[in-house]
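To start, the structure itself, in structure tokens.
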Amino acid sequence: MPELPEAEVAAAQLRTGTVGARVRECWVGRSDIVREGYQTLSWYQASRIEAVQRHGKSVVLSFSRGGETRFLVAELGMTGLLLFHSAPARYPQHTHFVMHLTECREPELRYWNPRRFGRLYLLDASGLERYLRRRFGYEPLTMTRQEFTKLMASCRGRLKALLMHQQKIAGIGNIYANEILFRAGLHPSRVASRVKPDTINRLYDVIRDVLLEAVEFGGSSVRDYFAPDGTPGTYRLFHRVYGKAGAPCPNRCGATVRRVMEERSSFICPTCQPRSGRRQ
DNA sequence: AGCTCTTCCTGAAAGC
DNA sequence: TGCTTTCAGGAAGAGC
């Protein structure tokens, strides 16, 4: 399930593999995979890929043709992948979009998504601006400590809900929310606005640390995630609690990691992540 | 504002 | 063994 680190890794590979490319042809398997701008598809033919960026969990490609710029936004959802020609797709029937490229390293860019949670958007500059504004809050790697502190103070909901609320902080999903909260020693159901300043500082650092480490290791390959070149991410090996119900707490506190159905499925150490503010 | 419920979708896991 | 049922899970939208 691609979250920020996986989208970041995908964007980085697309940058090296496809920037500068000339689009030879676009193929769409099922038109409903393009949620917006399907009628502009022909514009992209003969355009050039100028840049690739990540916003939240989405990957955004910029194309230019005749002085005009348009964009392709790929939402990866739970099971979506961007893949190069060389990467094997286990269920080829779930490839919904293919861009054939020339004048770059990769001859083909595919969008693969078996469950189809997540779509593609073909947008112009104002469309992209609206898309980003409506969907994404702070980028966790660029928000300041002050911005995060304000956000925490203004949010009376639960901490894990805030971390995963894309319009507030963009890019964190269930895996990384669990890992972040464990490392910060915070229970997912703590009320965000009641967290003390010292703890907010610690949480701010942990968010960055976890996400940057995950990027460094190529993201987490849980189930079917692969980078565009087909390689899996290895950060899963460093998960401390996600998917580890029944294992001893990595802090060696003696307790056992538990899976609880609070704020989606959460993996917590009941000792190291107490409901009250006091750390043991 | 924020919580819950529903919808989307299909492979995998559980159940029989 | 093999068929059937259940179930995650990100995000949007409705309703409260």
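Residue numbers begin at 1 in each chain, while the letters A, B, ... track the order of the sequences. When reading the values below, keep in mind they use all heavy atoms of this one structure, side chains included, and skip hydrogens, waters and symmetry mates.
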Return the value, rounded to whole Å, for the distance between atom [atom1] of [X] and atom [atom2] of [N].
{"X": "A/F267", "N": "C/dG9", "atom1": "CZ", "atom2": "P", "result": "7 Å"}
{"X": "A/E75", "N": "C/dA11", "atom1": "CD", "atom2": "C1'", "result": "8 Å"}
{"X": "A/Q167", "N": "C/dA11", "atom1": "CD", "atom2": "C1'", "result": "9 Å"}
{"X": "A/K160", "N": "C/dG10", "atom1": "NZ", "atom2": "C1'", "result": "12 Å"}
{"X": "A/M261", "N": "C/dC7", "atom1": "CE", "atom2": "P", "result": "10 Å"}
{"X": "A/M164", "N": "C/dG10", "atom1": "CE", "atom2": "C1'", "result": "9 Å"}
{"X": "A/E262", "N": "C/dG9", "atom1": "CD", "atom2": "P", "result": "15 Å"}

List, with names and distances, any nitrogen or oxygen atoms from the protein found under 3.5 Å away from nitrogen or oxygen atoms belonging to nucleotides 14-16 of chain C.
none

Pairs under 3.5 angstrom only: tabulate donor-acceptor contacts from the side chains of residues 76-85 of chain A to other protein residues two or more places apart or in another chain.
from	atom 1	to	atom 2	distance (Å)
A/T79	OG1	A/N113	OD1	2.6
A/T79	OG1	A/R115	N	3.2
A/H85	ND1	A/E108	OE1	3.1

Decide whether A/N174 and A/N178 meet the rule of one side-chain donor and one side-chain acceptor closer than 3.5 Å.
yes
Donor on one side chain, acceptor on other, A/E6 and A/Y176, under 3.5 Å:
yes
With the threshold set at 4.0 Å, does a side-chain nitrogen-carboxylate oxygen contact exist between [X] and [Y]?
{"X": "A/R183", "Y": "A/E213", "answer": "yes"}
{"X": "A/R158", "Y": "A/E262", "answer": "no"}
{"X": "A/E68", "Y": "A/R70", "answer": "yes"}
{"X": "A/K196", "Y": "A/D198", "answer": "no"}
{"X": "A/R133", "Y": "A/E129", "answer": "yes"}

Hey, where on DNA chain B does chain A first and last touch, going 5' to 3'? Cut-off is any atom under 4.0 Å from a heavy atom.
B/dG2 to B/dA12
Trace of the salt bridge (charged side-chain N to carboxylate O under 4.0 Å, His left out) decision for A/E139 with A/R54
CA-CA 10 Å; A/E139 279 293 332; A/R54 177 200 58 78; 3.0 Å; yes
Take A/E75 and A/R135, measure what salt bridge (charged side-chain N to carboxylate O under 4.0 Å, His left out) needs, and give me the verdict at the end.
CA-CA 11 Å; A/E75 285 178 351; A/R135 268 186 179 65; 3.1 Å; yes
Indicate, with yes or no, if A/V210 and A/M143 share a hydrophobic cluster defined by side-chain heavy-atom contacts under 4.5 Å among Ile, Leu, Val, Met, Phe, Trp and Tyr.
yes
Which value, rounded to the nearest 0.5 Å, describes the distance between A/K168 atom NZ and A/F136 atom CZ?
15.5 Å
Rounded at 0.5 Å granularity, tell me how far NE2 in A/H239 sits from CZ in A/F267.
11.0 Å
Qualifying residue for side chain to side chain contact (heavy atoms under 4.5 Å, CB included) with A/P188, from A/I268, A/L159, A/L163
A/I268
Are any side-chain N or O atoms of A/Q166 and backbone N or O atoms of A/I172, one a donor and one an acceptor, separated by less than 3.5 Å?
yes
The helix from B/dG2-C/dC16 to B/dC16-C/dG2: angle between end helix axes, five pairs per end, rounded to 10 degrees
50°
Closest-nucleotide mapping onto DNA chain C: is A/E3 or A/R134 further toward the 5' terminus? I mean the 5' end.
A/E3
Sugar-phosphate, base or nothing in reach of A/G173, heavy atoms under 4.0 Å
nothing
What's A/R30 touching, base or sugar-phosphate or nothing? Going by heavy atoms closer than 4.0 Å.
nothing
Taking atom types as they are modelled, is there a donor-acceptor pair under 3.5 Å from the base of C/dA8 to the side chain of A/R115?
yes
Please list, pair by pair, any protein nitrogen or oxygen found under 3.5 Å from a nitrogen or oxygen in nucleotides 3-5 of chain C.
none

Indicate whether OP1 or OP2 belonging to C/dG10 is found under 4.0 Å from a side-chain N or O atom of A/R264.
yes
Is A/S265 close enough to C/dG9 that one of its side-chain N or O atoms is under 4.0 Å from OP1 or OP2 there?
yes
Classify the ring geometry of A/H96 against A/Y111: parallel below 30°, tilted from 30° to 60°, perpendicular beyond 60°.
tilted
Residues in contact with DNA chain B, drawn from residues 116-133 of chain A - heavy-atom cutoff 4.0 Å:
A/R116, A/F117
A/K57 vs A/E3, salt bridge (charged side-chain N to carboxylate O under 4.0 Å, His left out): CA-CA, chis, key distance, verdict
CA-CA 5 Å; A/K57 304 175 187 175; A/E3 302 178 23; 5.6 Å; no
